[in-house]
Number of protein chains: 2
Amino acid sequence: MSLRHALLGLLAAGPASGYDLLKIFNVSLANVWPATQSQVYAELGRLADAGLVEVVAEGPRGRKEYAIADTGRAELRHWLTEVAPTRSGRSDTLLRVFFLGQVEPGQARAYLRRLAETAAGAERDLAALSDAVSAEEDDLAFYGRLALEWGLRFNAMQREWADWAERRIEEREAVARRP
Amino acid sequence: MSLRHALLGLLAAGPASGYDLLKIFNVSLANVWPATQSQVYAELGRLADAGLVEVVAEGPRGRKEYAIADTGRAELRHWLTEVAPTRSGRSDTLLRVFFLGQVEPGQARAYLRRLAETAAGAERDLAALSDAVSAEEDDLAFYGRLALEWGLRFNAMQREWADWAERRIEEREAVARRP
DNA sequence: TCTCGACCTGTCTAAATAGGAATGTCAGGA
DNA sequence: TCCTGACATTCCTATTTAGACAGGTCGAGA
């Protein structure tokens with residue numbers, strides 16, 4: 001349940017409302033930890049009940065501004081330094097690869113080619129984002145850029161792998177055609 | 001809901017029981033699509049109800065052997081060729097990176113170093129597995145090896161990135177120390 | 001004035017995931 | 001003979017996620 005820690009992490013940078021946080025989830029964190037409205041508002045309520053965050057202001061339109069409490073900051077630090085990351089790795093993209101033997105080799109290659117193209121597109125998008133992001137040197141921006149670089153390298157890796165895998169299938173087809 | 005398709009994909013290679021399939025989920029697919037007992041048995045029941053798989057034998061100890069039906073095979077092919085992969089990407093490892101500004105730079109570097117070591121360990125394990133896997137040329141083994149290569153490249157990428165990120169933090173610290 | 005879009009919070013259900021408990025058969029070794 | 005471990009299924013609860021739905025304020029512009 002890292003949604004809790006994602007909220008604490010964002011609030012550590014300054015007070016915000018559920019709506020504010022939601023926008024961050026849909027933009028900066030969309031590729032790292034997506035979250036929906038219902039999740040964010042519900043979890044903020046639970047965090048407030050648990051005393052990890054506090055409502056510091058109520059705006060005119062019902063807006064509630066939350067700030068991280070000391071206990072919340074302690075919990076965040078604990079998670080950052082002492083809780084072992086889970087290597088979940090659930091990927092339907094990769095799952096499909098296992099079963100590509102069920103379709104024609106041509107279709108398998110087409111799947112990998114689409115994968116390579118998708119990765120190339122994502123790479124271009126991230127590169128554009130990387131240029132667009134201002135060079136402010138606050139912590140969130142600095143570490144956000146490290147994560148962005150991860151995305152660039154991940155997509156490059158995926159693109160190269162898909163190309164390589166496609167060639168492997170071609171070779172295998174060529175061998176199979178021989179008597 | 002790709003658990004369904006994972007089961008269809010495995011059954012496409014031949015009939016099997018829930019217990020057999022479970023072992024595969026815990027070994028070959030553990031890093032791609034983990035699944036628990038309760039999920040596998042429940043989903044097999046639903047697949048049978050939907051007519052995508054059939055019970056072809058009942059063993060002495062209550063063992064039920066399932067085989068894929070034609071409709072199941074069609075559904076599998078449809079998923080492989082026509083359903084767009086979801087790029088979910090939910091990673092608590094990467095989420096932490098965003099918030100590393102909340103702890104001392106030394107702790108942030110330590111986190112990245114642990115990450116690099118974990119990746120290096122996974123790389124070694126996969127390389128050993130790659131050597132151990134027999135060179136049989138059935139489809140599942142061939143495409144499984146492609147997925148294994150993906151894992152090798154992913155871990156190499158992560159290791160290199162973590163090293164790079166650690167150096168970036170060092171540089172930033174050095175700059176901050178200057179007056 | 002009226003409407004539209006941005007703002008803002010909340011509830012509801014369904015599904016997927018995690019993990020364990022209960023139950024039982026059967027083969028092989030101490 | 002008794003115990004252990006592999007085999008094998010089913011049921012259970014709790015949490016997380018996905019996606020709608022419903023409600024409300026306010027400012028700007030047609």
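Quick caveat, the model's predicted, so the values are computed rather than measured. Residue numbering restarts at 1 for every chain, and letters A, B, ... go by the order of the sequence lines. Computed from heavy atoms alone, side chains included, the values below leave out hydrogens, waters and symmetry copies.
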Taking [atom1] from [X] and [atom2] from [N], how many angstroms apart are they, rounded to a whole number?
X: A:Gln39; N: C:dA15; atom1: CD; atom2: P; value: 17 Å
X: B:Tyr19; N: D:dT9; atom1: OH; atom2: P; value: 9 Å
X: A:Leu29; N: D:dT17; atom1: CG; atom2: P; value: 13 Å
X: B:Lys64; N: D:dT10; atom1: NZ; atom2: C1'; value: 9 Å
X: A:Glu58; N: C:dC7; atom1: CD; atom2: C1'; value: 16 Å
X: A:Glu65; N: C:dC7; atom1: CD; atom2: C1'; value: 14 Å
X: A:His5; N: D:dT16; atom1: NE2; atom2: P; value: 11 Å
X: B:Leu44; N: D:dA8; atom1: CG; atom2: C1'; value: 12 Å

Handout entry: N or O in side chain of B:Arg90 less than 4.0 angstrom from D:dA18 OP1/OP2
Key = yes
Practice task
Would you please confirm or rule out a distance under 4.0 Å between OP1 or OP2 of C:dG10 and any side-chain N or O of A:Tyr41?
Solution key: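 Checking A:Tyr41 against C:dG10: no side-chain N or O falls below 4.0 Å of OP1 or OP2.
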Completion exercise
Output for pair (B:Leu44 CG, B:Leu52 CG), nearest 0.5 Å, gives 11.5 Å
Exercise for the section: Can you measure from CG (B:Leu80) to CZ (A:Phe98) and round to the nearest 0.5 angstrom? Expected result: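 Interatomic distance, B:Leu80 CG to A:Phe98 CZ, rounded to 0.5 Å: 13.0 Å.
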Problem - Most 5' of A:Glu43 and B:Tyr66 on DNA chain D, judged by nearest nucleotide - result: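 On the 5' side of the pair lies B:Tyr66.
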Problem - Toward the 5' end of DNA chain D, by each residue's nearest nucleotide, A:Gly62 or A:Ala35 - result: A:Ala35
Practice task
For the pair B:Trp150 and A:Trp161, name the ring-plane relationship: parallel under 30°, tilted 30 to 60°, perpendicular over 60°.
Solution key: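 It falls in the perpendicular class, over 60°.
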Practice task
Can you figure out which of C:dC8, D:dT9, D:dG19 approaches the side chain of A:Thr36 most closely?
Solution key: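 Within the option list, the nearest is D:dG19.
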Practice task
Could you tell me whether A:Arg96 sits above the aromatic face of A:Tyr111, with NZ or CZ closer than 6.0 angstrom to the six-membered ring centre and within 45 degrees of the axis?
Solution key: no
Practice task
For the pair A:Arg114 and A:Glu117, find out whether any cationic side-chain nitrogen is under 4.0 Å from an anionic carboxylate oxygen.
Solution key: no
Exercise for the section: Please state whether the base of C:dG10 and the side chain of A:Ser38 form at least one donor-acceptor pair under 3.5 Å? Expected result: no
Practice task
Indicate, yes or no, whether a donor-acceptor pair under 3.5 Å links the base of C:dA21 to the side chain of B:Gln37.
Solution key: yes
